[in-house]
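Along the sequence shown, the residues carry numbers beginning at 1. Remember, it's a predicted structure, so these values are computed and weren't measured experimentally. Just the heavy atoms: all of them, side chains too, but no hydrogens, waters or symmetry mates, feed the values below.
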Amino acid sequence: MLELIEPATRKASLVLALGVVLAGAAVFSLLDWLVKERFTGDSGGGLLAAITIDGIPENLALGVALIGADPMSVAALSGSILLSNLPEAAGGARQMISNKRSKGQVFLLWTATALLLSIAAIVGNLALRGVSDDVLAYIRCFAGGAVVGSLATEVFPLAFKEDDYFAGVAAAIGVVLAFLLNSLGS
């Protein structure tokens, strides 16, 4: 999340950038609510929505970052995205299977999501090549807002419910890893 929002605030209007962060969180929250209304709260659909809503703008930005980027920056950004999405994907898949969805159906759904997010990175690399830094900064801010929304509504409550005493330490480990990965790209 830090690697998405902080650089954008240096390239774009601070007020507008922070407004786009709020818009990303609001869009995620609205879509998460719609998914929960349709599938029920523990279906795993909320986590799937989190990964998709956060992942599309994030991977668009990743595709742009790949244009002329050095290998360490690409590795740091890719690693950060992978680490942030792995726990959500595992938790969402487990919830879907426990709600009587077949393993094949769950695997197909998560594979389709991964494919969609990969396509977003390719589209970002090809279609956003000439877009201004300000527009890219706003795309990253939207993704950052979606990350914040998904962490607050999906990841943290589930982590606390699963293992309340370790959740705080696990969140701190995630922040430390995100910071380390972000500093590799600097």
**Student:** Given the rule that I, L, V, M, F, W and Y join up when any side-chain heavy atoms are under 4.5 Å apart, are Val123 and Val135 in one cluster?
**Tutor:** yes

**Student:** Starting at CG of Leu109, measure out to CZ of Phe107 and round the result to the nearest 0.5 Å.
**Tutor:** 11.5 Å

**Student:** In the hydrophobic clustering that connects Ile, Leu, Val, Met, Phe, Trp and Tyr at side-chain heavy-atom distances below 4.5 Å, which members other than Leu18 occupy its cluster, ordered by chain and number?
**Tutor:** Leu14

**Student:** Could you pull out the closest heavy-atom pair between Val131 and Leu136, with the gap in Å?
**Tutor:** O-CD1, 4.0 Å

**Student:** Transitive ILVMFWY cluster of Leu108 at side-chain heavy atoms under 4.5 Å: who else is in it?
**Tutor:** none

**Student:** Verify the cluster assignment for Ile119 and Leu128: are they in a single hydrophobic cluster under the rule of side-chain heavy atoms below 4.5 Å apart?
**Tutor:** yes

**Student:** Check whether any side-chain heavy atom of Tyr138 lies under 4.5 Å from a side-chain heavy atom of Ser13, and answer yes or no.
**Tutor:** yes

**Student:** Using the side-chain contact (heavy atoms from CB on, under 4.5 Å) definition, which of the options Leu22, Val21, Leu16 pairs with Cys141?
**Tutor:** Val21

**Student:** Show the nearest heavy-atom pair for residues Val20 and Phe142, with the distance to one decimal.
**Tutor:** CG1-N, 3.5 Å

**Student:** Please identify each residue that fulfils side-chain contact (heavy atoms from CB on, under 4.5 Å) with Thr113, with sequence neighbours left out.
**Tutor:** Leu48, Ile51, Thr52, Leu117

